Amino acid sequence: MSIPAVARSTHYLSIPSSTRYLEDVRRFVAHHAQQASFPDAAVEQFKIAVDEACTNVIKHAYKGESAHQIDISVVVEPDRFTIRIQDEGVSFVPSEYREPDLMAIAKQRRKGGFGVHIMRRLMDQVEYLKHGPINEVRLTKYRPLNGKA
């Protein structure tokens, strides 16, 4: 099979920095992934990855303060699906990130600390960019040539 004929399009959503809006984000991303003919398994991966990314912004960049805004955009291209999450909070520094020791965390029965790890496992590419005061995380999944994601 070849890549489906999908025109390039961009869709936008802005939410307050509160976990109560995460369902809206998941629904927004799922809708556009389904419209772009991604399979159900890929749609679920997008939902989990965007939820993790937005939760990290809420908890870490904005320190749980709900008075801020998070901008989400979905860019659909013939060969890929990219979710961009932008904020103006405290920047994530990828070079300071260390992969979690899954066994140690399990033994301690500790919750959390898996967001970046999960995003990297589910997506083909995870990028962290800085544009002046704006932080951006880009989550990209490429469409395989056989049409199955």
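In what follows, every heavy atom counts, from backbone to side chain, and hydrogens, waters and symmetry copies are set aside. Here the structure is a predicted model, which means the values were calculated and not measured.
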What I'd like to find out is whether the side chain of Phe46 reaches to under 4.5 Å of the side chain of Lys141, using heavy atoms alone.
yes
Within this structure, what is the CG-NE2 distance for the pair Leu122 and His117, rounded to the nearest 0.5 Å?
9.0 Å
Answer whether the closest heavy-atom distance between the side chains of Val74 and Phe81 falls below 4.5 Å.
yes
Does the side chain of Arg138 pick up a donor-acceptor pair with the side chain of Thr82 at under 3.5 Å?
no
About how many Å separate CG of Leu139 and CD1 of Ile72, when rounded to the nearest 0.5 Å?
11.0 Å
Is there a side-chain contact between Asp124 and Thr140 in this structure, where contact means two heavy atoms from C-beta onward sitting under 4.5 Å apart?
no
Can you find a heavy atom in the side chain of Ile85 that is under 4.5 Å from one in the side chain of Cys54?
yes
Under the salt bridge (charged side-chain N to carboxylate O under 4.0 Å, His left out) test, residues paired with Glu44 that sit two or more places apart
Lys47
Please, which pairs that meet salt bridge (Lys or Arg N to Asp or Glu O under 4.0 Å) have at least one residue in residues 53-72, sequence neighbours excluded?
none
Tyr62 vs His68 aromatic rings, parallel, tilted or perpendicular, using cut-offs 30° and 60°?
parallel
Phe38 ring centre to Arg143 NZ or CZ under 6.0 Å, with the angle to the axis within 45°?
yes
Go through the steps to decide whether Ser73 and Arg84 satisfy the test side-chain hydrogen bond (donor to acceptor under 3.5 Å, both in side chains), and finish with yes or no.
CA-CA 5 Å; Ser73 57; Arg84 300 184 318 199; 3.0 Å; yes
Under a 4.5 Å cut-off applied to non-hydrogen side-chain atoms, are Tyr128 and Val116 in contact?
yes
Minimum-distance pair of heavy atoms, taken over all atoms of Pro16 and Ser66:
CB-O, 4.0 Å
Do the side chains of Asp87 and Ile134 get nearer than 4.5 Å, heavy atoms only?
no
Run the ring-ring contact (aromatic ring centres under 6.0 Å, His included) test against His11 and tell me which residues pass, sequence neighbours left out.
His32
Closest non-hydrogen contact found for Ser17 with Ala67 is OG-N, 4.1 Å
Any side-chain heavy-atom pair from Val126 and Met123 closer than 4.5 angstrom?
yes
Sequence-distant partners of Glu77, salt bridge (charged side-chain N to carboxylate O under 4.0 Å, His left out), two or more places apart
Arg8
Using 0.5 Å steps for rounding, measure from the CD atom of Glu127 to the CD atom of Glu136.
8.5 Å
Quick one: side-chain hydrogen bond (donor to acceptor under 3.5 Å, both in side chains) partners of Lys130, sequence neighbours excluded?
Ser91, Asn135
Hphob cluster co-occupancy, Ile15 + Val75, side-chain heavy atoms under 4.5 angstrom:
no
Inter- and intrachain pairs under salt bridge (Lys or Arg N to Asp or Glu O under 4.0 Å), touching residues 9-28, at least two apart
Glu23-Arg26, Glu23-Arg27, Asp24-Arg27, Arg26-Asp51
